[in-house]
Chemist: 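Would you mind keeping the following structure in view while I ask a few things?
On a predicted model such as this, the values are computed, not experimentally measured, just so you know. In what follows, chains are A, B, ... by sequence order, proteins preceding strands, each numbered from 1.
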Protein chains: 2
Amino acid sequence: MAYTQHVLSGRWKFLILWFLKTKEHRFGEIKALLNDISQGSLTKQLRELEKDGLIYRNVFPEVPPRVEYSLTPKGCEFLPILEMMESFGLKFGKTID
Amino acid sequence: MAYTQHVLSGRWKFLILWFLKTKEHRFGEIKALLNDISQGSLTKQLRELEKDGLIYRNVFPEVPPRVEYSLTPKGCEFLPILEMMESFGLKFGKTID
DNA sequence: CCGTATCCCATAGGATACTG
DNA sequence: CAGTATCCTATGGGATACGG
C-alpha cells in the first residue's frame, strides 16, 4: 500500500489517469484539462507515471511534434480504485474547489 | 474524486485508517506503529481525519488520560478502497521502504 | 508543440520542549 | 498519556524563459 501511495503521490496523478481512462490524449490536451498546471509540473508528473509503468509515452516523429499518453495494462488495473474514489467523492464530497 | 484525494492528503492517513480497520486504537499505539512520526504530526493527521468524519475521537476521563480512535461508518466505507490499494501494491509493488 | 532549465516560495511535517 | 507551542527544513510544484 505504501507502494500504491507512492505511485499516486503528486497533485495531478489522479486526474491524469482519470482523463486517460477512456482514450489516449496528447500533452496539450492534458495541459488544457488541468488548466492551472504548469508545463514543468505536467512533464514531471507524466514522467513519473511513465517510470512507474502506469502510462505509455508515444512520440510521433512529426513536425510539429506530437506526443500521446495512454494507460498501460498496469494503469488499467488501477482504474477500479479510481472509480471507487470517484463514487466515494460523489457520496460524501463537499466540493472542495 | 478531488474530495477523496483531499481527505487522504497527508503522509500517514492511509496507514492510520488501515490500522484502525479491525479495531479502535489508542493514540500511543498508533504512534508506536508509525514509529517515525512526530507527536505533533500525528495529532494533526488525526484531527484532520476526525474533521473529515472518517474517525471518532473518544476521550476517557481518566488519569492518566486515554484517547481511543476508531472508524466512523464513513470511514468504514473507505476500507474497500484501501483494500484494493493494498492488493495493487502487493501485485506490483517494488517495496519502497 | 512539447519539452528542459532555473529560480523561488508555500507548506507539510520533523525536532524539541513544555503542560493538564 | 496525550496532547500544545515553536521553530526549522525539505520538497513539491508554480512562474518564467529558452530550445529542437
Chemist: Is the ring pair B/H25/B/F19 parallel, tilted or perpendicular, if the boundaries are 30 and 60 degrees?
Modeler: parallel

Chemist: Determine whether B/V59 and B/I30 fall in the same hydrophobic cluster, where Ile, Leu, Val, Met, Phe, Trp and Tyr are linked whenever their side-chain heavy atoms lie under 4.5 Å apart.
Modeler: yes

Chemist: Name the residue closer to the 5' end of DNA chain D, choosing between A/G10 and B/P64 according to the nucleotide with the nearest heavy atom.
Modeler: B/P64

Chemist: B/R11 CZ to D/dA10 P: how many Å, rounded?
Modeler: 14 Å

Chemist: Does the ring centre of B/Y3 sit less than 6.0 Å away from the ring centre of A/F92?
Modeler: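 No, too far apart.
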
Chemist: Looking at D/dG3, C/dA12, C/dG14, which one has an atom nearest to any side-chain atom of B/T43?
Modeler: D/dG3

Chemist: Go nucleotide by nucleotide along DNA chain D from the 5' end; which of B/R47 and A/G40 gets its closest nucleotide reached first?
Modeler: B/R47

Chemist: Quick check for you: among C/dG20, D/dG13, C/dG14, whose closest atom lies nearest to any side-chain atom of B/S41?
Modeler: C/dG14

Chemist: Could you tell me the separation between the CZ atom of A/R66 and the P atom of C/dC2, rounded to a whole number of Å?
Modeler: 9 Å

Chemist: Taking A/E68 for its side chain and A/E24 for its backbone only, find out whether a donor-acceptor pair lies under 3.5 Å.
Modeler: no

Chemist: For C/dG3, does OP1 or OP2 lie under 4.0 Å from any side-chain N or O of A/Y69?
Modeler: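 Answer is yes, contact under 4.0 Å.
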
Chemist: Rounded to whole Å, how long is the line connecting atom CD of A/E29 with atom P of C/dC2?
Modeler: 8 Å

Chemist: Strictly below 4.0 Å: does B/Q39 bring a side-chain N or O up to OP1 or OP2 of D/dT4?
Modeler: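 Answer no for this pair, as no side-chain N or O of B/Q39 is under 4.0 Å from OP1 or OP2.
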
Chemist: Determine whether a donor-acceptor pair (N or O, by modelled atom type, separation under 3.5 Å) exists between the side chain of A/K91 and the backbone of A/S87.
Modeler: no

Chemist: Could you check which of D/dC1, C/dC1, D/dG12 has an atom nearest any side-chain atom of A/R26?
Modeler: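 Of the options given, the side chain of A/R26 lies nearest C/dC1.
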
Chemist: Compute the bend angle of the helix from C/dC1-D/dG20 to C/dG20-D/dC1 from the end axes (five pairs per end), rounded to 10°.
Modeler: 50°

Chemist: Starting from P on C/dG3, measure out to NZ on A/K31 and report it in whole angstrom.
Modeler: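 After rounding, the gap between these two atoms is 12 Å.
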
Chemist: Keeping the roles fixed (side chain from B/Q5, backbone from A/R11), state whether a donor-acceptor pair exists under 3.5 Å.
Modeler: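 Side chain of B/Q5 to backbone of A/R11: a pair is present.
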
Chemist: Rounded to whole angstroms, how far apart are CZ on B/R57 and P on D/dA2?
Modeler: 10 Å

Chemist: What is the distance from CD of B/E62 to C1' of D/dG3, rounded to the nearest Å?
Modeler: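 So the two atoms are 16 Å apart, to the nearest Å.
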
Chemist: Should we say atom NZ of B/K51 is surrounded by more than 12 heavy atoms from elsewhere, each under 6.0 Å from it?
Modeler: no

Chemist: To the nearest angstrom, how far is A/L34 atom CG from C/dC2 atom P?
Modeler: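 Rounded to the whole Å, the gap is 14 Å.
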
Chemist: Base, sugar-phosphate or nothing for A/F60? Non-hydrogen atoms, less than 4.0 Å.
Modeler: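 No contact.
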
Chemist: If I take atom CD1 in residue A/I37 and atom P in nucleotide C/dG3, what distance separates them, rounded to the nearest angstrom?
Modeler: 12 Å

